[in-house]
Amino acid sequence: MTDSKYFTTTKKGEIFELKAELNSDKKEKKKEAVKKVIASMTVGKDVSALFPDVVNCMQTDNLELKKLVYLYLMNYAKSQPDMAIMAVNTFVKDCEDPNPLIRALAVRTMGCIRVDKITEYLCEPLRKCLKDEDPYVRKTAAVCVAKLHDINAQLVEDQGFLDTLKDLISDSNPMVVANAVAALSEIAESHPSSNLLDLNPQSINKLLTALNECTEWGQIFILDCLANYMPKDDREAQSICERVTPRLSHANSAVVLSAVKVLMKFMEMLSKDLDYYGTLLKKLAPPLVTLLSAEPELQYVALRNINLIVQKRPEILKHEMKVFFVKYNDPIYVKLEKLDIMIRLASQANIAQVLAELKEYATEVDVDFVRKAVRAIGRCAIKVEQSAERCVSTLLDLIQTKVNYVVQEAIVVIKDIFRKYPNKYESVIATLCENLDSLDEPEARAAMIWIVGEYAERIDNADELLESFLEGFHDESTQVQLQLLTAIVKLFLKKPTETQELVQQVLSLATQDSDNPDLRDRGYIYWRLLSTDPVAAKEVVLAEKPLISEETDLIEPTLLDELICYIGTLASVYHKPPSAFVEGSRGIVHKSLPPRTGSSESAESPDAAPSGAPPSEQPAVIPTQGDLLGDLLNLDLGPPVSGPPVATSSVQMGAVDLLGGGLDSLLRSDVGGSPAMGGTGFTAPSAVMPANLGPPPSGGLGDLFDLAGGVGTLSGSHVAPKTVWLPAMKAKGLEISGTFSRQVGAISMDLLLTNKALQVMSDFAIQFNRNSFGLAPAAPLQIHAPLAPNQTVEISLPLNTVGSVMKMDPLNNLQVAVKNNIDVFYFSTLYPLHILFVEDGKMERQMFLATWKDIPNENEAQFQIKDCPLSADAVSSKLQGSNIFTVAKRNVEGQDMLYQSLKLTNGIWVLAELRIQPGSPSFTLSLKCRAPEVSHYVYQAYETILKN
Amino acid sequence: MIHSLFLINCSGDIFLEKHWKSVVSQSVCDYFFEAQEKAADVENVPPVISTPHHYLISIYREKIFFVSVIQTEVPPLFVIEFLHRVADTFQDYFGECSETAIKDNVVIVYELLEEMLDNGFPLATESNILKELIKPPTILRSVVNSITGSSNMGETLPTGQLSNIPWRRAVVKYTNNEAYFDVIEEIDAIIDKSGSTVFAEIQGVIDSCIKLSGMPDLSLSFMNPRLLDDVSFHPCIRFKRWESERVLSFIPPDGNFRLLSYRVSAQNLVAIPVYVKHMISFKENSSSGRFDVTIGPKQNMGKTVEGVIVTVHMPKAVLNMNLTSTQGSYTFDPVLKVLTWDIGKITPQKLPNLKGIVNLQSGAPKPEENPSLNIQFKIQQLAISGLKVNRLDMFGEKYKPFKGVKYITKAGKFQVRT
């Protein structure tokens, strides 16, 4: 007698038969028929045609039959709204039934019927049920409000159900409280603005009391709600933590993780010196570890969360490395997560164990896992310096296995190790080269090529090796092609004599035979570099590389803080804020960790309150403003002694003299005076190359050269139009207007001197007063011919920043004295700060993250940039022109966030976060700098650059 | 909250669906099937999958996928815990949680699901309460019901539903009052090639079967409660008493339940009761290899190690194995490449050994990976951590209950690397 009989039906007229049975007089037959209908429904069969017949069975004393009919109604009422009305009367009647089970059932079912007409009738019974004497009915009704809100939010608000629901938070029964909290949380999710869960110390107290007594599910709702509360000081935070801690021992893992969330969040407010803080840290470890002994699905979610927790507070699990060791029959998704956490926890203390494990994993069966394990070994080497040697030897062992994918992964990570510890492990290169032929993955090939290029001088047959790659150049992926191009250029710069042909070959392959613009551009750039100024090329291509930093995949600190607030939720599994992926979350409110606040005592004595790091650790000491006038008057206006005039037109030279002196000097400097070799060395290219370049095939090369003249302005930063600094009236007829510019690393003051007097002017000289950044003329003001009346001369005065320093107010004030044969004139001008932004102001991502975290929040300044209708990319490239570099770009719920860095000539770093809302012309700019006084001027620079 | 639930069997048929809000089309499961295909092995299907409009959170139990559909930000652990609870309830009601059992009782299943979740919020998940609302099927009852026409639905509000102790019914009566506790410890360990322990810990549970009339209030104390520093409790346990006195004080649920689970990880407390000597090697270019495994007891406090089974996942290239065992029997599944050696009891005088030749596919390269041995065993009347129950006291009722404690140690995930 099983229910499977309900599935066996005669082929013809199944619905017809059921209809007859439903209308049968016999109760038992009716019930059987309804069961059959339900059975069909469970497998997704459409039995909506039986609607009227099933509804007819609703009026019954038999609770089971009633429930079954209700089940049916919930599924099909939507498709038959008119018919559903027929059921309303019974519902309303049932809501008055003396049996609380039936009252609750009726109100529950009515809420599930998503038909407008029914909801109208629902209001009255629901109101009664919310105040029912039986808590079971009340708790059911609380959920019903949430259901109704989902169907018709306006109705719920108009009927005042929300207030009733809020009152239920103070209900005497903990289950009712829990359900009311759950319902309110769900409603609040779609109504972020409404202040539904208005938490205050009183209501928090009630929730904490209910927490101890309600069901496990209720505890989850209450804990999640508590996590949104912002305690007023550390004492309150501590007392909440104390009452939440027992939940860590709950058998339900969801309760445990929700409790962890509350604790992680409120811990932020506790001072680290507190004994309680230490206790709490210790208490957090065991429950997290216990989660790992549960079912694999639970483990997975737990591991994703632990990944966040470990990044935020590594001290919690630092002794628990072993529980993350992988078992061979863990599901792959658990294995990969465990591996990730192992690397995060790796430290000098446990690295031996970790390496032994990783080596073990590298011989497992699952390819993805093995690859990740090999990569992990490389990451360990980079993270724990002491282990690097052991890691390298482990990797070499693995390469000896000759397992194809292991070898390839190993080579990729060894490349990174070279980047981190240059000139230490190059002895292994020989071993790597042995495996050249087995590499078939682009990443591994690219890594190998990089190694060959980088260490070309140590590899005897580097040219042969690279040449072998060159054969199938066009079949390689872009990554490999680019790498090959660079590597061969490096090789050429290192061994110019033997590799002429090779470099020509690769340059022509890259520029002429390739459709890939990146490759072509890079090809042209190298070509031009080599042909114009090989010494510069050497400086550029073989420049010292910045070391790569420790961890490569840390979550940005602001995002991490936000995610900590979402522990246990989907956001924590995806490591993205919910707004980035949850559909239908209209304007989710951002959660952030509470700031650390002292209790009332420490607030009274602000001196004692910790204020983070000392506010300014400026690299350059700026003396305070002294006796300005005195300084200026004492200016010595004799011709300033400084270096030779800066050469201005090295660019043009190259355009004409393609392979002239440039290569010559390269060869001479390298080969050290063996002209014979040098001669043959580059007669060949000068014959070949110009031949190629001569008739510009598609105008491409020609364009390139045209650019040369304009290169300066293109690559230089924004230049404001000239303004009048010194009107003629004030300077006995000398009018000076000017502006500042920065081009390819050189700052200059572009001046326009006009003689509006009646006499000839001569003997010009210029001098700056001491200023904040030590700006000073790098060359004397050279106006060769005397300036005749009404004549104008344009001159560019190179500046440097090695002058004496004095803090000015405003910071960018520059006082200038100009002398001519008539008199000495003084004027002051404000220079835009961006002329001081240096070219190497791009900070590395990791460095950026660390620095951003490191600079105390007091140093953050926020500005609005209005009316700037640019896209993020346009902004980024525009700013880049002025040496404001975009370190990272991220899209957060539709807004583009640009993380940028810049460096001033005196070594001050400024970090910026630029928030761009597409469609809105206003940007928000947050600046962080150790010397916060520059922020405002940086902001002005942003404005100027962006608006021009 | 939880929107819908689909039950899917191993061959990919959706055999049950339940919607708590609006109906979500079955086609949403296509995303799940896609992930399943990618994962190749059923156990490797990721538990959280995102689709353009929904999230699918699934568990895999007894060859059934429980796939839940959610639409808003919901704690995934909450959903996973709930799904396991659903599976537990089926197990409890039908004796097994299988496709057949579910299909045979589809109406009860539907009623249960409706009772467990309302609008996505858990309603009643305690088996005591559920059983009062919906009676579990028995052959006798269905016969009686079909004769008398009565239903298997409770007509009144379950008593535990709203009290502070929702896990217990109000009126419980037994003629024999009994309280049994099983202390079960599982050893999870990874042993490396050389026989040293890489990782070992004990996962312990105390499962109880309590059949006591009325409202008994129990106190369970241990000889060495200090062992228990990482514990998860059943909600019935009074946390404050434990914190202050290290005594488990509780009003028990009626019937079978898990009182607490604990973890002992201090290396010195985790004794490893068996050792393995192994020699598994493959010769270069000869398409054969040698296999030689011996297992022996150690540190088992005079108790016998029994129910020993060794399972080995051999490399893919292995064709078959010609072995002889001194004790027990072995089978080799040539499709799954799994060797199972069922040994039984280990007697220290004569250690069980299994050795012989491994045949590889001809021409296949020498396998790179070394197979791990998975070992199962049991030791009766021993809790390997040394945990011992001191006494059980009962308050609140007058009768004298019959009390019993049983200890057992098992292998959990016990792996030996070779």
Side-chain angles (χ1 to χ4, degrees), chain A residues 1-4 27-28 35 38-39 42 44 62-64 67 71 100-101 108 114 135-136 143 146-147 173 175 182 189 213 215-217 220 246 249-254 257 286 290 293 295 297-298 300-301 322 325 327-328 331-333 360 363-365 401 403 568-570 573 578 582-583, chain B residues 1 15-17 22-23 26 43-44 46-48 53 55 59 72-78 80-81 84 103-107 110-111 114 118-119 121-122 142 149 151-153 155-157 161-162 164 166 190 198-199 203 229-235 239 261 263 368-370 372 413 415 417:
Chain A
M1 287 274 291
T2 69
D3 291 352
S4 48
K27 249 188 187 172
E28 200 47 38
K35 282 191 176 178
I38 301 281
T42 59
N62 186 316
L63 188 60
E64 189 181 13
K67 276 193 177 178
L71 275 179
L101 192 60
R108 177 146 80 99
R114 309 173 62 91
Y136 179 74
V143 175
K147 294 182 199 169
N173 186 296
M175 251 70 83
E189 206 170 288
E213 292 170 2
T215 65
E216 49 197 313
W217 313 109
I220 301 171
S249 300
H250 201 284
N252 186 320
S253 59
L257 204 55
T290 303
S293 52
E295 288 82 358
E297 300 94 357
L298 296 171
Y300 171 73
V301 178
K322 286 189 172 182
F325 285 178
K327 306 202 174 76
Y328 82 88
I332 182 75
Y333 56 82
E360 192 71 39
T363 59
E364 280 222 22
V365 192
T401 64
V403 177
T569 67
L570 277 174
V573 174
V582 173
E583 199 174 79
Chain B
M1 293 294 116
F15 65 92
L16 188 101
E17 60 180 76
S22 48
V23 177
Q26 279 195 359
E43 265 145 31
N44 287 340
V48 184
H53 301 287
Y55 296 89
I59 63 162
T72 49
E73 174 64 274
V74 175
L77 276 188
F78 167 103
I80 295 172
E81 278 278 356
H84 278 293
K103 275 189 173 161
D104 282 352
N105 298 287
V106 70
V107 175
Y110 227 63
E111 287 167 348
E114 185 60 28
D118 175 22
N119 194 39
F121 298 109
S142 49
S151 78
N152 59 353
M153 281 277 182
E155 299 270 336
T156 51
L157 196 59
Q161 183 78 286
L162 286 158
N164 286 346
I190 301 174
V198 176
F199 160 81
Q203 303 286 350
D229 65 338
D230 181 4
V231 283
S232 308
F233 293 133
H234 187 277
F239 192 74
S261 51
R263 188 176 67 91
E368 286 305 328
E369 74 270 14
N370 295 319
S372 286
K413 287 179 177 164
Q415 309 187 344
R417 291 176 181 159

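FYI, side chains are in, hydrogens and waters are out, and symmetry mates aren't considered; it's all heavy atoms of this structure.
Considering only heavy-atom pairs separated by less than 4.5 Å from chain A, the leading option among Asn119(B), Val231(B), Ile80(B) is Asn119(B). Comparing Pro246(A), Ala251(A), Ala146(A) by heavy-atom pairs within less than 4.5 Å of chain B, the highest count is held by Pro246(A). When the candidates Ser293(A), Ser253(A), Pro331(A) are compared by the number of heavy-atom contacts under 4.5 Å with chain B, Ser253(A) comes out ahead.
When all heavy atoms of Pro46(B) and Tyr333(A) are compared, the pair lying nearest together is CA-CD2, 3.8 Å. For the pair Leu570(A) and Pro76(B), the tightest heavy-atom approach, listed with the atom from each and the gap, is N-CD, 3.6 Å. Scanning both residues, His250(A) and Pro235(B), for their nearest heavy atoms gives NE2-CG, 3.9 Å.
Judged as a side-chain hydrogen bond (donor to acceptor under 3.5 Å, both in side chains), and not counting sequence neighbours, His234(B) has no contacts.
Close placement of the Trp217(A) and Phe78(B) rings is indicated, their centers lying within 6.0 Å of each other.
A heavy-atom distance below 4.5 Å is not found between the side chains of Thr215(A) and Pro122(B). Using a 4.5 Å heavy-atom cutoff, the side chains of Arg108(A) and Lys147(A) are in contact. The closest side-chain heavy-atom distance from Ser232(B) to Ser249(A) is not below 4.5 Å. Here the side chains of Pro75(B) and Leu257(A) are not in contact, with every heavy-atom distance at 4.5 Å or above.
For Gln203(B), the part lying near chain A is the side chain, with the backbone staying farther off; criterion is any non-hydrogen pair under 4.5 Å. Heavy-atom distances place both the backbone and the side chain of Tyr328(A) under 4.5 Å from chain B. With a 4.5 angstrom heavy-atom cutoff, Glu216(A) touches chain B only via side-chain atoms. Proximity to chain A (any heavy atom under 4.5 Å) is shown, for Glu81(B), by both the backbone and the side chain. The contact between Ile220(A) and chain B is made entirely by side chain atoms (from C-beta outward), counting heavy-atom distances below 4.5 Å. Heavy atoms of Val143(A) lying under 4.5 Å from chain B belong to its backbone as well as its side chain. Both the backbone and the side chain of Ser372(B) come within less than 4.5 Å of a heavy atom of chain A. Looking at Ile190(B), the atoms closer than 4.5 Å to chain A (heavy atoms on both sides) all sit in the side chain, from C-beta outward. Both the backbone and the side chain of Phe233(B) come within less than 4.5 Å of a heavy atom in chain A. Of the atoms belonging to Gln415(B), it is side-chain heavy atoms, and not backbone ones, that fall under 4.5 Å from chain A. Heavy atoms closer than 4.5 Å to chain B are found in the side chain of Ile38(A), but not in its backbone. Residue contact with chain A, scored on non-hydrogen atoms closer than 4.5 Å, involves the backbone of Val74(B) exclusively.
Looking only at distances, no side-chain donor or acceptor of Asp230(B) sits under 3.5 Å from a matching main-chain atom of Arg263(B).
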